[in-house]
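Convention: sequence-line order gives letters A, B, ...; per-chain numbering from 1. All of these numbers come straight from a predicted model, not from anything done at the bench.
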Amino acid sequence: MLRSTICQKCGAILEINNIDQNHEWSAFNIEEFNDKARTGTPSSLARHDMGLFTVIGRTDKDASGGKIDPIVRSTMERLKTWDYRTQIHTPAARNLRQAFSELDVLKAKLGLSDAIIEKTAYIYRKAQERRLVRGRTTSAILAASIYIACREIGMPRTLKDISTVSNIKRKDLARSYRFIVSKLELKIPVLDPIKCIVRVANKANLSEITKRKAIDLMYKINENELAAGKDPMGLAASVLYLSSMNNRDSNEHRTQSDLAAAAGVTEVTIRNRTQELRKKSCLKIIR
DNA sequence: TAAGATAAGAGGGACAT
DNA sequence: ATGTCAGTCTTATCTTA
């Protein structure tokens, strides 16, 4: 089944024709489930075996119901043992399993889409194949993989967001992030300041009008190349601050500390950006 | 109470040694 | 590899309107 994921707030298409890998039927008890299931778990990179595990049953009957020859039976037992061992008991698989169970927890905490989870898993696998996890913690590499996946997909999540929920220090997270990016030679797109505006505006409960004004202002800033080297979140917060102050509707006024909290930057950063922007006559900022 | 000012300190990139 | 430098952001504190 194909479907697209569309942002309900701004209408942006986040994913197009992504395949829904869940089963299309519903079951209310085990019997019904077994009856309807034609396949196993959906295949996913975010499982140590990609969801493609084998299960060798315990039964001593063959497919047509006859008794299995004891010699074959003992072969099957040995296969079963080895199958089991190769599934989880290689250090790599064990590590993946641990990483992906952590990933599952973080997925919920950060509200990540399946596409991001798959991307994260892909990056983590690559990192593991290249032996980049050695000497670093699984959690740090995993958290960094999440950050990379978010950046690649263009979902604004800051290092701080991820560091708070994963209990990895921002510093370590940033280090692991740069390490993976350089070793895997990844090209990370710059964080889109427009997306940052949308995110901060939603967090601060600002109206569409203010958001729209802020986005227009951000376009002007980009045209005049004033954004270089600035933290996009800080810039977004400042632009929203200016827009909210210029909106006559008093419900739209936000203090610097409100927006600082929403964007995860300090008030001082907002002040500095605001000052700079006000000085630029080309932006025609009132006040 | 919100906003502005100032200073010290952290962390990382660019560049030279 | 290691050190220095300019620029950025954060934290903390004090002042101003």
Report task. Classify the nucleic acid contact of A:Thr266 as base, sugar-phosphate or nothing, counting any heavy atom under 4.0 Å across all strands shown. Result ->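 The residue A:Thr266 makes base contact.
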Report task. May I ask you to say what A:Arg170 touches in the nucleic acid, namely base, sugar-phosphate or nothing, with a heavy-atom cut-off under 4.0 Å? Result ->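 No contact.
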[X] side chain: which of [options] is closest?
| X | options | value |
| --- | --- | --- |
| A:Gln275 | B:dA3, B:dG4, C:dA12 | B:dG4 |
| A:Val268 | C:dT11, B:dA3, C:dC9 | C:dT11 |
| A:Arg178 | B:dA5, B:dG13, C:dC9 | B:dG13 |
| A:Tyr241 | C:dT10, B:dA3, C:dC9 | B:dA3 |
| A:Arg273 | B:dG12, B:dA3, C:dC9 | C:dC9 |

Between atom [atom1] in [X] and atom [atom2] in [N], what is the gap in whole Å?
| X | N | atom1 | atom2 | result |
| --- | --- | --- | --- | --- |
| A:Arg175 | B:dG12 | CZ | C1' | 10 Å |
| A:Arg271 | B:dA2 | CZ | P | 12 Å |
| A:Ile270 | B:dA3 | CD1 | P | 10 Å |
| A:Glu267 | C:dC14 | CD | P | 16 Å |

Query raised in the report: With no hydrogens and no angle check, do the side chains of A:Asn95 and A:Tyr124 hold a donor and an acceptor under 3.5 Å apart?
Result: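 Present: a donor and an acceptor within the cut-off.
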Query raised in the report: Are side-chain N/O atoms of A:Thr255 and A:Asp258 paired as donor and acceptor at under 3.5 Å?
Result: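 Yes - a donor-acceptor pair under 3.5 Å links their side chains.
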Query raised in the report: Would you say A:Lys171 reaches B:dA10's phosphate, i.e. side-chain N/O to OP1/OP2 under 4.0 Å?
Result: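 So the side chain of A:Lys171 is outside the cut-off, no N or O lying under 4.0 Å from OP1 or OP2 of B:dA10.
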Query raised in the report: Does NZ belonging to A:Lys126 count more than 12 external heavy atoms closer than 6.0 Å?
Result: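 Incorrect, the count does not exceed 12.
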Query - Of all pairs that satisfy salt bridge (charged side-chain N to carboxylate O under 4.0 Å, His left out), the ones with a partner from residues 136-154 of chain A, not counting sequence neighbours - result: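 For residues 136-154 of chain A: A:Lys119-A:Glu152.
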